[in-house]
Number of protein chains: 2
Amino acid sequence: MTSHPGPTGTNLAGLRDHNAALVLGLLRAAPEGGSRVGLADRTGLTPQAIGKITGRLLAEGMIEEAGQSASTGGKPRTLLRLRAEAACAVGVHLERDELTVLLVDLTGRHLHRHTGPVEEGIAPGDAVGLVADEIRRATEALPAGARLLGAGIGCRGPLDHAAGVLHWFTPAGPRGSSDWHHYPLRDELAARLDGLPVVVDKDTNTAALGEAPATPRPGGGLAYVHLAAGLGAGLLLDGALHRGTRTNAGEFGHQTVQVDGPPCACGNHGCLEVLCLAALERGDHAAAARLIGVGVANLVRLLDIDRVVLGGRAVLAAPDTYLDGVTAQLKARIPDPEWQPVPVTLSAAGHLAVAAGAAELVLGPLFGRRT
Amino acid sequence: MTSHPGPTGTNLAGLRDHNAALVLGLLRAAPEGGSRVGLADRTGLTPQAIGKITGRLLAEGMIEEAGQSASTGGKPRTLLRLRAEAACAVGVHLERDELTVLLVDLTGRHLHRHTGPVEEGIAPGDAVGLVADEIRRATEALPAGARLLGAGIGCRGPLDHAAGVLHWFTPAGPRGSSDWHHYPLRDELAARLDGLPVVVDKDTNTAALGEAPATPRPGGGLAYVHLAAGLGAGLLLDGALHRGTRTNAGEFGHQTVQVDGPPCACGNHGCLEVLCLAALERGDHAAAARLIGVGVANLVRLLDIDRVVLGGRAVLAAPDTYLDGVTAQLKARIPDPEWQPVPVTLSAAGHLAVAAGAAELVLGPLFGRRT
DNA sequence: GCCAGTTAAACAACAGCGTTTCCTAAGTGC
DNA sequence: GCACTTAGGAAACGCTGTTGTTTAACTGGC
């Protein structure tokens, strides 16, 4: 009824859900299984409370027993693990020319994968119909008894995450030029899927989520840098996506790295993206990598993050060049020994990074990830 | 006993404290007072729950009744407000050459203020003794019956907030050159103040806290940019300070804005700080302001923040020049109408910004601010 | 002046959370 | 075989916010 912004009061139900999510999150981080005693130690709750919480989760079918660990002089611990087939989520990557739909279970396994072309300049209604059809097809792979928690959609920005509305100014095709502007993607898709919960976010954000560890370090951060037609970043700070007030955070490509550099279409001068794309047009991946390294060093210094992940079509075209180039720039530009070396890696999920992260958009809250 | 990192389980006491903090936070944001009904509406809790919570807070003396609001056709609402004299906190700004100590009450009023010189090159033990003495003197202004919640210390980085340890590599004075390196400021000070809770943070961080609104907008952010002997920033994201893994976030001055620019002492090339300090040495505040504007535009685009605050000795020397210069750069470099204009202001607290924010370091958690 | 209508706030009984206390189960090692 | 150790459940408990009901206080029509 009253949907106020800002902080919210919590009642007993909220308390229960919070602790249950905590337990599920810890079990997700331990695929081989975790013990009740271990959970009590990690959460700070009493063993008795953990017993009740795991009892509820067992009764709901969210977790299952998984053997015992070795004895340490007494009764061995009973191991618990997520019941993978208890629930699933759909992750969607909607690009201008391609659609990827993924069905993943609680443990993140891919149960179904579809990748197919999308007609350029397709009308929004047709595109949503296509997505809905593919989601329905994906749910045929749903295990018996599994709940479908929702669908996450990752697509290019700008967009409004909270409202699930796109802000695409320049549609790709010849049809009505503002078809996609202010298009309520979330609600349109939910309406075609019988009210299934739908979450929409920027592709760079979901890709970052896909790389996120199950149990984030407090204060830790991760940046996913995406180089394709444009240059953007997804920021994961303190375990949660940082979207900013208008879901516009992550404009990595439009940082100025050359005060009086060449003009950019965005109106700025000396944007990293302009220089980087120019290098790409010359086919000079090494120069592009060096430039990205400059931007990454800026970002690492500003946010003191733990890890940098590289992805996107251009990066996947010459992965080692980017890995080496960015790493070298980081080392050269942040020589201070107090700054621990920030590891740079390639996106583990590759072309599926955005879709896998989109599914995590739905799964994350179940495991206590802040939204 | 077990102090694990990461997320923690919550019990009834935690639930109670959470809701109480929420209520206190909402009342802080309404100095004229807030009604029980309004609190119930804002928190989502039932009026009955609010009645119990406010009853407890009234009994503890944390809040008090403050008249009634106008009737809207029924019984008028009873207004509640913070009892300013219920508790206080000390805010300290420890600089190389100056010490500021502030005693503030629950509503943020300054009850005592001390500013005095510090001998350059002072030994850590002597400095801590000086700070402890001034804190004791400040607490003489403590209202009768008021609890002293703790002391927050803002000083230059690098330092480790979690451990309360300084990492100052280049001591100012002639005495033992590594006196201050790895100095456990928090524990040393707490030991001299009978275990009073002490929190240590970077000056830029506490200054940012000092500008923070009592009830942050979800997703909103604020950047405090500090120009003095160096150039740094404090980042307030989603209502909480973003410190990064090693309390090193906010290295605003060492972002590269000139890829092949002049070398910086930090090892990098083309750092914003080098260019900016060079302009300052020429006495060219306008050029320095323009450069800061470039960096601020980068920051705003990367983090999609709501507000920028400028402070520091150099800024206070020519406030309007910086205000205009940074505003102009922001407008020039982010012309996109979807990006709402990001307001730029001068630090309201002026020279007391760091100390006032240091007190908020202690007060914040009481009002539900995430640490 | 009085009474119906409206809104605020307290009282009482309640369900459900984690905690405490106690006890049983299931291993190890002498 | 038995003391010891560790895991985990049962029952009673304290305390949270919730639900249902009652009382307090003000407005406005007649």
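Protein chains get the first letters and strands the later ones, always in sequence-line order, with residue 1 at the start of each. Because the structure is predicted, anything quoted here is derived from the model rather than measured.
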For atom NZ of A:K52 and atom P of D:dG9, their distance in whole Å: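 Atom-to-atom, A:K52 to D:dG9, this comes out as 12 Å.
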Check the distance between C:dA25's P and A:Q68's CD and give it to me in whole angstrom.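 Those two atoms, CD and P, are 15 Å apart.
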For the side chain of [X], counting heavy atoms from C-beta on, which of [options] is nearest?
X	options	answer
B:R77	C:dA26, C:dA8, C:dG18	C:dA8
B:Q48	C:dA26, D:dT18, D:dA7	D:dT18
A:L15	D:dG17, C:dC17, D:dT16	C:dC17
A:S71	C:dC17, C:dA8, C:dT28	C:dT28
A:R36	C:dA26, C:dT19, D:dG8	D:dG8

It should be established whether [X] places a side-chain nitrogen or oxygen under 4.0 Å from OP1 or OP2 of nucleotide [N].
X	N	value
B:N11	C:dC17	no
A:R56	C:dG18	yes
B:T46	D:dT18	yes
A:T72	C:dG27	no

Backbone N or O of A:A84 within a donor-acceptor pair of the A:R109 side chain at under 3.5 Å?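 Not confirmed, A:R109 side chain does not pair with A:A84 backbone.
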Rounded to the nearest 0.5 Å, how far does CD of A:E64 lie from CG of A:L27?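 So the gap between those two atoms works out to 11.0 Å.
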